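Note that this is a predicted model, so its numbers are computed, not measured. Numbers here are sequence positions counted from 1.
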Amino acid sequence: MFDSGMVDMTETVRQLAAVDVAAAPVGVVEERLSALARVRAWLDGVEARLVHRADELAAAGSGAGATGSLAVAGGCSSARARQVAARAATVDAAPELGEGLSAGVVSAEHVDAVGRAAKRLPEQRRGALFERAAELADAAATMAPDAFAKHVNRLAARLQVDEGQGRLAEQQKATELRSWSDRASGMLKVAGQLDPVLGARWLAGIAEETDRLAADGWARNHHTAAHAAVNLITRGRDRGPAQVVNELVLVIDADTLTSGLHDHSICETEHGTTLPPETLRQLTCSAAICAVVQDSRGVPIWAGVNARVANRAQRRALRSMYRTCAWAGCDRPFDWCQIHHIQPWEHGGLTELANLLPLCWEHHHAVHQGRWTIDLAPDRTLTIRRPDGHHHATVTLPTLPAARDKHHHARRERQLARDRLTRHLARHRPRVPT
């Protein structure tokens, strides 16, 4: 674990204070940003310990407690005070995460992800999650916060007795949609929240209509998405709800599909929202489903055909792997991306998954006109180099399960997965109404 007791940030802070930002080259900027993240994590660790101590003192009749001390002495808003207090409670229940914070290798985002996952679990099951704190701390030290949050959510789903069915029922009850006119702007505003299944159908419909508009020359952005939503609603009203069909794309790994949940299960919508396996099985009998089945590395088992432009099936498969632009740190949605050939088509590159990557306009332009270079390994590890040839970033596949053996026999595994899938689908073939 981490040697947090002896961490001294004095030298790191001194280097941060001494840097000449206006004259700093790329290497120095990136190194100082990394150092800043370590210092911020260390400060969050100190804050969590102080908040824990404030609660101890309040219990003994001295002081205002965590939220009171943060609001008054710390100058925090009530919302942030509650957030920090919840983080301190998570660190108290999982000390290894606190050690990672103090060592500057685990961020507050990592800790908060564990806290949110624990809160969703029944109280009697939270201890099982915190018992794996050492494992979670090690994972947090090597994973980006978003990937770590998905990892924790999958673990929490396994710990639920009903595999998440109860939580889904609560989400379905909380589904709502509201609209009102804003007096200042005169705009109609819409807000709401949808359960994962209904939300996946909504997003699938928006994406399909956005594709149609993009083919007519529209840009892929929030403005176009609004028009796509209105188009879908008005068309549905004209032709009747019974004729409205949204294809739902679900992502599941072969082992979960055929054998049930395991440590690295993937069972979710194409947008990354976790679903209980039983819900996926039910949906295959009642909805238009495109199931993307992945192997143990998170790569779809079936790939597409050789054509100039990625076909619909290949875009679905790529969307199952990438929620956003594949570039390091870019959060532009997949549906705003162009499909890039790593080896150019005109130079013999094939239109197959091993040669395709989603890139937003900015980063697609950086590769084609900006002389940045990218390499995609067979396990879809992406290496990005600057125009001067120096290494910029290495990005692993977002859905890549942790702690997998990289030296497995991929071809044999895929054949076995195909065989299991064929047998499973033969046993659970949906019945077509007559």
(message) If I compare all heavy atoms of Pro145 with all of Ser107, which pair ends up nearest, and what's the gap?
(response) CG-OG, 4.2 Å

(request) Test salt bridge (charged side-chain N to carboxylate O under 4.0 Å, His left out) on Asp375 and Arg385 and set out the steps. (result) CA-CA 9 Å; Asp375 295 308; Arg385 293 185 176 86; 2.5 Å; yes

(message) side chain to side chain contact (heavy atoms under 4.5 Å, CB included), that's the test. Do Cys337 and His363 meet it? Break it down for me.
(response) CA-CA 9 Å; Cys337 294; His363 294 122; over 6 Å; no

(message) For the NE2 atom on His222, are there more than 12 heavy atoms of other groups (residues, nucleotides or ligands in this structure) within a distance under 6.0 Å?
(response) no

(message) Using modelled atom types and a 3.5 Å cut-off, is there a donor and acceptor pairing between side-chain atoms of Ser102 and backbone atoms of Glu99?
(response) no

(message) If I take atom CG from residue Leu33 and atom CG from residue Leu16, how far apart are they, to the nearest 0.5 angstrom?
(response) 9.0 Å

(message) Using 0.5 Å steps for rounding, measure from the CD atom of Glu109 to the CG atom of Asp146.
(response) 7.5 Å

(message) Looking at every heavy atom in both Asp44 and Leu101, which two are closest together, and how far apart are they?
(response) CB-CD2, 4.0 Å

(request) Kindly indicate whether the side chain of Ser179, heavy atoms from C-beta on, has any atom under 4.5 Å from the side chain of Leu188. (result) yes

(message) Just verifying a value: how many Å separate Leu136 CG and Leu155 CG, rounded to the nearest 0.5 Å?
(response) 6.0 Å

(request) Decide salt bridge (charged side-chain N to carboxylate O under 4.0 Å, His left out) for Arg220 and Asp211; before the verdict, give the C-alpha distance in whole Å, the side-chain angles of both, and the deciding distance to 0.1 Å. (result) CA-CA 8 Å; Arg220 294 180 182 274; Asp211 286 344; 2.9 Å; yes

(request) Could you tell me which non-hydrogen atom of Cys360 sits nearest to which non-hydrogen atom of Arg332, and how far apart they are? (result) CB-CD, 3.5 Å

(message) Looking at Gln338, I want to see if its CD is surrounded by more than 12 non-hydrogen atoms of other residues, nucleotides or ligands under 6.0 Å.
(response) yes

(message) Using side-chain heavy atoms (C-beta onward) and a distance below 4.5 Å, is Thr224 in contact with Asn221?
(response) yes

(message) Does any part of the side chain of His52, heavy atoms only, come nearer than 4.5 Å to the side chain of Val91, both counted from C-beta?
(response) no

(request) Could you go through the side chain to side chain contact (heavy atoms under 4.5 Å, CB included) check for Val106 and Val111 one step at a time? (result) CA-CA 8 Å; Val106 172; Val111 178; 4.2 Å; yes

(message) Using the rule given for side chain to side chain contact (heavy atoms under 4.5 Å, CB included), can you reason through Glu96 versus Phe130, listing the C-alpha separation, both sets of side-chain angles and the distance that settles it, and then say yes or no?
(response) CA-CA 10 Å; Glu96 291 88 346; Phe130 292 133; over 6 Å; no

(request) Please confirm whether the backbone N or O of Met143 pairs with a side-chain atom of His110, one donor and one acceptor, at under 3.5 Å? (result) yes

(request) Tell me, with the steps shown, if Val105 and Arg38 meet side chain to side chain contact (heavy atoms under 4.5 Å, CB included). (result) CA-CA 6 Å; Val105 296; Arg38 293 194 302 273; 5.6 Å; no

(message) So which atom in Val19 and which in Ala24 form the shortest heavy-atom distance, rounded to 0.1 Å?
(response) CG2-CB, 4.4 Å

(request) Check the side chains of Asn153 and Arg120 for a donor-acceptor pair under 3.5 angstrom, ignoring hydrogens and angles. (result) yes

(request) Flag the pair Glu30 and Arg386 as a salt bridge only when some basic side-chain nitrogen lies within less than 4.0 angstrom of an acidic carboxylate oxygen. (result) yes

(request) Give the minimum heavy-atom separation between Val395 and Ala328, together with the two atoms involved. (result) CG2-CB, 3.5 Å

(request) Enter the distance from Thr90:OG1 to Asp112:CG here, rounded to the nearest 0.5 Å. (result) 7.0 Å

(request) Without swapping roles, check the side chain of Arg323 against the backbone of Ser320 for a donor-acceptor pair under 3.5 Å. (result) yes

(request) May I ask you to test the Leu356-Leu318 pair for a side-chain heavy-atom distance under 4.5 Å? (result) yes

(request) Could you name each residue pair satisfying salt bridge (Lys or Arg N to Asp or Glu O under 4.0 Å) that touches residues 50-77, not counting sequence neighbours? (result) Arg53-Glu56

(message) Over 60° means perpendicular and under 30° means parallel, so tell me whether His365 and Trp361 are parallel, tilted or perpendicular.
(response) parallel

(message) Whether Arg319 and Asp335 form a salt bridge (side-chain N of Lys/Arg under 4.0 Å from carboxylate O of Asp/Glu) is what I want to check.
(response) yes

(request) Compare all side-chain heavy atoms of Trp218 with those of His227 and state whether any distance is below 4.5 angstrom. (result) yes

(message) Taking the basic N atoms (NZ, or NE/NH1/NH2) and the acidic carboxylate oxygens, is any pair closer than 4.0 Å for Arg126 and Glu123?
(response) no

(message) With rounding to the nearest 0.5 angstrom, report the CZ to CG distance, Arg371 to Asp388.
(response) 9.0 Å

(request) Answer yes or no: is there a donor N or O on one side and an acceptor on the other, between the side chain of Gln193 and the main chain of Ala174, under 3.5 Å? (result) yes

(message) Within the 4.5 Å heavy-atom criterion, are Thr396 and Asp379 side-chain neighbours or not?
(response) no

(request) Considering non-hydrogen atoms only, spot the tightest contact between Val51 and Ala85 and give its length. (result) CG1-CA, 4.1 Å

(request) Kindly compute the distance separating CD1 (Ile374) from CG (Leu382), expressed to the nearest 0.5 Å. (result) 5.5 Å

(message) Using a 3.5 Å distance criterion without hydrogens, assess whether the side chain of Thr324 forms a donor-acceptor pair with backbone atoms of Phe334.
(response) no

(message) Quick check: do Pro358 and Ile339 have side-chain heavy atoms less than 4.5 Å from each other?
(response) yes

(request) Return yes if some donor-acceptor pair links the side-chain N/O of Asp195 with the main-chain N/O of Gln171 below 3.5 Å, else return no. (result) no

(request) Please tell me if the side chains of Arg116 and Lys119 come closer than 4.5 Å, counting only heavy atoms from C-beta onward. (result) no

(request) Let me see the working for Trp372 and His392 under ring pair (Phe, Tyr, Trp, His ring centres under 6.0 Å), right down to the final yes or no. (result) CA-CA 10 Å; Trp372 288 69; His392 172 69; 5.1 Å; yes

(request) Give a yes-or-no answer on whether the side chains of Thr10 and Arg14 include a donor-acceptor pair shorter than 3.5 Å. (result) no

